[in-house]
There are 2 protein chains.
Amino acid sequence: METIRVSIVEDTAEIREGVQFLLNQTEGFVCVSTYGSAEEATIGLPVQKPDVVIMDINLPGISGIECVRKVKPHLPHTQFMMFTIYEDNEQVFEALAAGASGYLLKKTPLPKIAESLRELHEGGSPMSASIARKLVATFQPTPAGQTLTAREREIVDCLAKGLLYKEIADKASISINTVRQHIHNIYEKLHVQNRTEALNKLYGGR
Amino acid sequence: METIRVSIVEDTAEIREGVQFLLNQTEGFVCVSTYGSAEEATIGLPVQKPDVVIMDINLPGISGIECVRKVKPHLPHTQFMMFTIYEDNEQVFEALAAGASGYLLKKTPLPKIAESLRELHEGGSPMSASIARKLVATFQPTPAGQTLTAREREIVDCLAKGLLYKEIADKASISINTVRQHIHNIYEKLHVQNRTEALNKLYGGR
DNA sequence: GGTTTCCCCGAACTTTCGTTCTATTGACGG
DNA sequence: CCGTCAATAGAACGAAAGTTCGGGGAAACC
């Protein structure tokens, strides 16, 4: 098991040094650098090329999310673990979109942090179960979707793939007029006007 | 801390009884019913109304996923934990779409199972870190998206919301012809033919 | 200065989408 | 037996989506 090289970006000296101390105590980890601001990290990280980065979100000046957005493209093999006190909805998704792969709360016990960093480095995405639920929710159909018949769900599936009416008709071995009829019924049930709105309603718009 | 009422759906008697035994041994859990097939579970679960259900995927006859799809609408307060040996890509998303909220591998150590069930019941979504990564990936922009210009990304954003060309034109204060042009360019860059395909390519098809 | 890239616009055109109306069939439950 | 619902289908139509021409201006880069 090779040693994982970690960098820490965190403005509170106490936390920064605490985590650093913990990691250097822990078998299999070494803290190669720490930064008190996103500005410092933006310069330092591309040089250090750590395996994983612990990134605070609420930094003075540039935010941790913005920092990930800037640095990640130059460090495709480095994994970013967001580290925050808030379990903020918006920020979770924004951070993931920026290129982070893990999301830890600061209240996480220290041993658990080390374990999560290892998982992150091994290709996992450790995050608190409550944050995971937010992600999961975007995959679950809305109550409205439940009222669709089996046939309608099958056709919605085709819609989601971007198939043309003609292609759906062939696939389901029915006429294109029937496809039209089914889709019309689907739109009515979901109270939408077109394909994109329907898919957003069913699978969560993004 | 109230007791969590659990039902188990699993065709292998050994595993079924093993987990049942474990839970009844564990403080805070009680196993209220077990089923060896989806057919039995479909009838029994709505009666028992357990807090959480451990659902095997590979059942003889009707699959566990199909079973969740059928039963979940009648049990909105019951949480489903999928339970499987495979870490199959397709099945993960399908199960989540069907209404499951957690996803555990059978190799998970027994104490960890109990902990995960509790997290599930408390509104979390426990799952292995590697499965979480698959979810996270769907929120991260694809390489293809990187080549789009700022203006194009802005318009793609509108496409994702299901706006009409006219609405996009108004929002961006440009003519509808320019919108057409931009979108045409976007489709070319992404090598797709229509809105739905483009969105699938950018945000991960589902 | 020339080239490239992005953004902008018009216009005519084809294709696909979505609506509406009507109608038949089979399955299912009271 | 009768009403309801899901699935099937045709046909005609307007609305929206996408294609393909043409062109112009502004900033960035050799």
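Fair warning: this is a prediction, and the values are worked out from it, not measured in the lab.
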Strictly below 4.0 Å: does Thr149(A) bring a side-chain N or O up to OP1 or OP2 of dC5(D)?
no

Within the structure shown, what part of the strands sits under 4.0 Å from Gln193(A) by heavy-atom distance: base, sugar-phosphate, or nothing?
sugar-phosphate

Do the side-chain N or O atoms of Asn177(A) get closer than 4.0 angstrom to the phosphate oxygens (OP1, OP2) of dA9(D)?
no

Rounded to whole angstroms, how far apart are CG on Asn185(A) and C1' on dC5(D)?
11 Å

Reckon Arg180(B) touches a base, only the sugar-phosphate, or nothing at all at heavy-atom distances under 4.0 Å?
base

What do the steps show when you test Lys106(A) against Asp56(A) for salt bridge (Lys or Arg N to Asp or Glu O under 4.0 Å), and what is the final call?
CA-CA 9 Å; Lys106(A) 287 194 182 177; Asp56(A) 185 23; 3.2 Å; yes

Glu197(B) CD to dT15(C) P: how many Å, rounded?
18 Å

Say whether Ser63(B) and Glu66(B), considering side chains only, have a donor N or O and an acceptor N or O under 3.5 Å apart.
no

Under the side-chain contact (heavy atoms from CB on, under 4.5 Å) test against Arg5(B), which residue among Val52(B), Val32(B), Val53(B) passes?
Val32(B)

Heavy-atom donor-acceptor pair, Glu152(B) side-chain to dC7(C) base, under 3.5 Å:
no

Closer than 4.0 Å, any side-chain N/O of Arg195(A) to the OP1 or OP2 of dC17(C)?
yes

Do any side-chain nitrogens or oxygens of Thr178(B) fall under 4.0 Å of OP1 or OP2 in dG10(C)?
no

Return no unless some side-chain N or O of His184(B) is found under 4.0 Å from OP1 or OP2 of dT19(D).
yes

